[in-house]
Each structure stands twice: as structure tokens, then as C-alpha cells.
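Counting convention: from 1, in listed order, for ligands and their atoms alike. Residue numbers run from 1 in the order of the sequence given.
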Amino acid sequence: MDEAESLRLEGYDLAHIVHPQWHAADHAGAVVYASGQGAVLTDVRGNSYIDGRSSLWNVAVGHGRRELAEAAAEQMSTLAFANAYTGYANVPSIRLTEKLLGLVYPNMSGVFYANSGSEANDFAIKAARYFWFLQAKPEKVKVISRTEAYHGGTLAATAITGMAPFHKGFGPEPPGFVQVPTCYPYRCEACGGGPCTPECADVVARAIEREGAETVAAVIAEPVHGAGGVIPPCGGYWPRLRAICDKYGVLLIADEVITGFGRTGKWFALEHWGVVPDMVTFAKAITSAYVPLSGFIMSERVHQVIRDNPADAKFMLGCTNSAHPTACAVGLRNLRIIEDEGLVERAERMGRRLQEGLGRLREMPNVGNVRGLGLMAAVEVVSDKATKAPFAVSAGVGPKLAKAMRERGVITRVKGESLLLAPPLIITEEQIDTIVNVTGDAIEAVMKAVAAAEGTNAP
Ligand SMILES: Cc1ncc(COP(=O)(O)O)c(C=O)c1O
């Protein structure tokens with residue numbers, strides 16, 4: 001594309017598209033992507049970047065997969081779309097469901113399809129309430145979630161999201177949503193800012209008691225916090241959370257919108273801790289984002305109640321594109337790629353290389369914490385290594401880090417001053433090593449610039 005046309009497109013974009021998380025100053029100099037191949041993205045000016053966060057944690061099998069384009073084209077030319085409301089069905093959605101139920105937790109039995117992770121979470125919450133309603137417990141409606149969680153942008157998904165900026169200016173929020181603190185690197189009542197312990201899950205138990213178990217429908221949590229800063233729990237956390245939900249008669253919803261389909265080195269992340277949830281929400285990597293598809297999977301127990309509902313209380317939940325044939329055909333092909341190419345095992349192997357490589361950056365003077373699981377990781381930059389005190393927001397360290405990574409050919413995002421990394425599952429060893437080296441170089445360069453601005457010696 002010539003320079004004049006790329007300038008025109010950039011200008012038109014800035015003038016007319018309201019992007020997610022919009023702020024004009026943040027959008028200045030935006031990268032306009034033109035193409036992608038494997039783990040590499042190229043912009044309209046011909047610059048190439050390693051896609052360090054699988055775009056939005058979703059392009060699991062990498063860019064430019066002809067098999068997915070062909071699956072879409074074949075389905076579109078056979079039956080692009082058809083109504084899948086009660087009374088109608090289509091072949092790709094049935095085949096995909098068969099595949100999904102063979103891969104997910106063994107207690108799972110039913111699937112409801114939607115378009116986005118936000119919708120999947122909203123719908124799972126409605127399903128949890130409906131489950132209790134049908135069992136003559138209509139007062140069990142509250143949902144407990146955790147601070148630093150990200151669950152989406154629709155109203156209920158925002159209400160369960162635990163990051164303050166996502167709430168500003170959008171109130172009032174619907175009632176019935178309760179948040180409990182996340183532990184390290186944040187601060188819950190149990191660990192007080194120390195490493196996560198199984199007892200950190202007791203914070204949820206106390207919230208259930210406070211609210212009254214008879215009013216609580218569900219607890220929802222990401223197995224590993226994603227956008228909140230890639231925060232893996234300790235080994236005992238999820239088994240204890242499961243036991244708490246069982247003790248108080250509350251459904252446990254695992255938001256696996258990021259962790260589903262191999263990201264952590266298991267098909268679904270709670271396999272790491274031998275836990276099965278009552279519902280799983282999914283999106284992103286189900287189609288590697290080639291087309292939108294999401295949904296929630298329910299256990300046999302939940303499914304049975306919904307499946308056998310009475311005629312006077314039908315499950316009136318729906319969206320036009322539920323079980324979209326083209327999306328399901330692409331999803332099915334994508335899952336076959338993950339299976340055939342052993343990408344879950346690869347995520348485990350490449351993940352180990354990523355975690356070990358990034359782990360070596362702990363030696364750096366301003367690296368406070370490196371954490372992660374499989375192919376999701378965070379490197380936290382701090383102003384004081386001993387106390388882990390952060391930089392003042394005005395120092396702009398987070399945005400500077402993202403920019404420095406981009407200038408060195410790796411696209412990723414930050415949460416606060418933590419660099420978040422989650423490359424595609426097809427990432428190569430060489431690309432992992434490049435990501436690690438670039439991360440170290442970017443941190444060093446930003447720290448030098450910050451020290452220079454403060455008039456102190458560079459560390
Ligand atoms: C864990 C989690 N849940 C839900 C969502 C919302 O998904 P979507 O943006 O597709 O609505 C996201 C998005 O990043 C997410 O990370």
C-alpha cells in the first residue's frame with residue numbers, strides 16, 4: 001500500500017471509529033494491521049511484529065490458516081446461516097458440541113452458544129439464576145466475583161468485572177453482584193498481600209455467609225486472572241473454592257474465555273488442579289478468532305434441570321447467531337488443528353520455555369515479579385525491587401513499556417506496570433527467545449529513560 005493511502009486510512013480511522021477503551025491520545029500513531037502469518041503480524045507500512053498476546057489472547061493457531069478460511073468458505077457456500085432456535089438445528093453445531101463435550105471436564109453435558117465472552121458470561125449468570133428458579137429457590141440470584149477479574153463489557157459482565165476503570169461513567173450497575181479481593185500481587189484478607197494460599201478462597205466463603213447462601217446463585221472466576229495481570233492461583237486455591245461452593249450450595253462458573261483450548265498447557269485450566277466447575281464459559285480460542293463464537297458449557301446436573309424445564313417456564317434465553325453454522329464449522333476445524341498439531345502439549349512445552357526465559361529477568365533491578373502458567377505470563381516492573389513499590393502513574397511506565405516492546409517488534413499490552421504475554425500456541429522456540437530478549441531490552445531502555453527523566457543514574 002502506498003504512503004498516501006496508508007495515511008488516508010489512518011486519518012479516517014482516527015476520525016470515525018470509536019475503538020474499544022477509546023481515548024484519542026492513546027490512539028495516535030495506531031498500528032493499522034494489514035496481514036498476518038503464523039505468530040507474525042504486518043502493518044500497512046510493512047513493519048512486522050511478533051503477536052505477543054495472540055492479538056487478544058485468541059489467535060491460538062496463528063494467523064493465515066487456510067484450513068479455517070476453507071472451512072468457512074465451504075460452510076458458507078453450503079449453509080451460511082439458519083435459525084437454531086428451539087425446533088431447528090444444524091449439522092456443524094451438533095458436530096462441534098460432540099467434539100467440545102469430548103474435550104471438556106467429564107461432568108459436562110450441555111452447551112449454549114453465543115457470540116462473545118461477555119455474552120457467554122451474561123448468559124451463564126442468567127442460566128445459574130434460572131437453575132435455582134426452577135428448583136423453587138428464586139431468591140438465589142447474587143453472583144460473587146473477584147477484584148482484578150475481567151469478564152467483559154456487557155452490563156452484567158461489567159458488574160462482575162473487578163477493575164475500576166471499566167466501571168467509570170457506566171453506572172448505575174444492576175444489583176446482586178458482590179466482589180471479593182484477589183490476593184497477591186494484590187491484597188486479600190487472607191494473605192494480606194503475601195503469596196496466595198488455599199485459605200485465600202475463604203474470602204469467598206465469608207462473602208457467601210455475609211450475603212446469606214440462600215441468596216447466592218454462583219461464584220464466577222477465571223482459573224488464572226488474564227487481563228487483570230496474569231495472576232495464577234496457588235495449587236490449593238481452586239480445590240478449596242470448589243469445596244466452598246459445594247458446602248454452601250452455590251454454582252461455580254469457570255470463565256475460561258482466555259484459558260480454554262490449551263492456553264495454559266491443558267485443554268481447560270482447572271485440569272491443573274483436578275477441579276470440575278458447574279459451568280464453563282468460552283470464546284476466543286474456540287475459533288482462534290477467525291469468526292466470533294462463544295458460549296457456556298453446563299454440567300449434567302445443571303443441564304438436567306434446564307433440559308427438563310416445565311412448559312410454563314421455558315428457557316427464554318437467546319441470540320440470533322446462537323449455534324451459527326459457519327462459526328461452528330470454523331470452531332470444529334480449529335479444534336481439529338489444535339488436536340492434530342498437538343498444540344496443547346506444545347503450549348505446555350513452549351510455556352515452560354517462556355516462563356523460564358522471563359524468569360531470568362528477575363535478576364534485573366526493576367523487575368519485581370514474574371508469574372504465569374503455560375503460554376500466559378506477566379513481568380511486573382517496579383520502582384523499588386525490595387518493597388515492590390510501583391512507579392507513580394505519572395511516570396507512564398506501563399505505556400512506555402508497551403511502546404518499547406512494539407518498537408522492538410513485539411506487540412503486547414500492559415496492566416499497570418506488568419507486561420502481559422500470551423503468544424499463539426504455534427509460537428516457535430526462536431520466537432519465544434526473541435520475546436524474552438525484547439522484554440529484557442525494553443525494560444532496560446524504559447528504566448534508563450525514566451532514570452534520565454528523574455535526573456538520577458540509570459540502574
Ligand atoms: C476472561 C475473560 N472473560 C470474558 C471476556 C470478554 O470477552 P469478549 O471481549 O469476547 O466479550 C474476556 C475478554 O478479554 C476475558 O478475558
Side-chain angles (χ1 to χ4, degrees), residues 18-22 51-60 112-128 143-163 165-167 170 177 179 182 218-233 238 252-264 266 268-270 277 279-297 319 321-322 324 327 330-331 334 372-378 411-415 418 420-424:
V18 179
H19 291 261
Q21 307 187 2
W22 176 252
D51 187 2
R53 216 181 44 158
S54 306
S55 290
L56 285 169
W57 322 84
N58 48 5
V59 188
F112 186 95
Y113 291 102
N115 304 281
S116 69
S118 308
E119 261 184 351
N121 285 329
D122 266 51
F123 287 177
I125 288 169
K126 287 175 84 171
V143 178
I144 295 176
S145 63
R146 304 177 302 171
T147 57
E148 304 310 323
Y150 184 75
H151 294 295
T154 50
L155 260 183
T158 300
I160 53 174
T161 284
M163 287 187 267
F166 290 96
H167 295 259
F170 296 132
F177 296 93
Q179 296 228 309
T182 285
V219 170
I220 183 164
E222 299 158 88
V224 178
H225 283 275
V230 181
I231 311 169
W238 272 92
L252 179 57
I253 306 173
D255 177 345
E256 300 231 28
V257 165
I258 285 180
T259 54
F261 312 106
R263 168 69 45 204
T264 68
K266 303 276 187 197
F268 290 87
L270 297 187
M279 286 193 246
V280 183
T281 58
F282 65 88
K284 297 192 188 282
I286 176 92
T287 56
S288 284
Y290 278 63
V291 288
L293 180 66
S294 76
F296 66 90
I297 314 175
C319 58
N321 289 326
S322 183
H324 192 292
V330 172
N334 177 63
L373 184 66
L375 274 177
M376 56 195 296
I411 296 278
T412 188
R413 289 182 67 162
V414 290
K415 162 73 186 345
S418 289
L420 309 185
L421 292 159

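- In this structure, Lys284 has a heavy atom closer than 4.0 Å to ligand 1.
- The nearest heavy-atom contact from the protein to atom 4 (C) of ligand 1 is His151 O, 3.3 Å.
- Near Gly152, with a cut-off below 4.0 Å to any heavy atom, the atoms of ligand 1 are 6 (C).
- Between Asp255 and ligand 1, at least one N/O pair is under 3.5 Å apart.
- Of the options Asp122, Asn121, Ile297, Ile125, a side-chain contact (heavy atoms from CB on, under 4.5 Å) to Thr281 is made by Asn121 and by none of the others.
- If you look at Phe166 and Tyr150, their ring centroids are closer than 6.0 Å.
- Close approach to Gly117 involves these atoms of ligand 1, each under 4.0 Å from a residue heavy atom: 6 (C), 7 (O), 8 (P), 10 (O), 11 (O).
- Atom CZ of Arg413 has 12 or fewer heavy atoms from other residues, nucleotides or ligands within 6.0 Å.
- Judged by distance alone, the side chains of His225 and Thr182 do bring a donor and an acceptor atom under 3.5 Å apart.
- Nearest approach of Ser54 to Arg263, heavy atoms of both residues: OG-NH2, 2.8 Å.
- Distances between N or O atoms of Ser118 and those of ligand 1 include at least one value under 3.5 Å.
- Counting only heavy atoms of the protein, atom 2 (C) of ligand 1 lies nearest to Tyr150 O, 3.2 Å.
- Here is the list of ligand 1 atoms found below 4.0 Å of a heavy atom in Glu222: 1 (C).
- Ligand 1 has at least one atom lying under 4.0 Å from a heavy atom of Ile258.
- With hydrogens and angles ignored, the 3.5 Å screen pairs a side-chain donor or acceptor of Thr287 with a backbone N or O of Ala289.
- At least one side-chain heavy atom of Met376 sits less than 4.5 Å from a side-chain heavy atom of Trp57.
- Phe268 has its ring centre less than 6.0 Å from the ring centre of Phe261.
- Counting atoms of ligand 1 from 1 in the listed order, those under 4.0 Å from a heavy atom of Asn121 are 3 (N), 4 (C).
- Inclusion of Glu119 in the set of residues having an N or O under 3.5 Å from an N or O of ligand 1 is not warranted.
- At under 3.5 Å, not a single nitrogen or oxygen of Ala283, backbone or side chain, sits near a nitrogen or oxygen of ligand 1.
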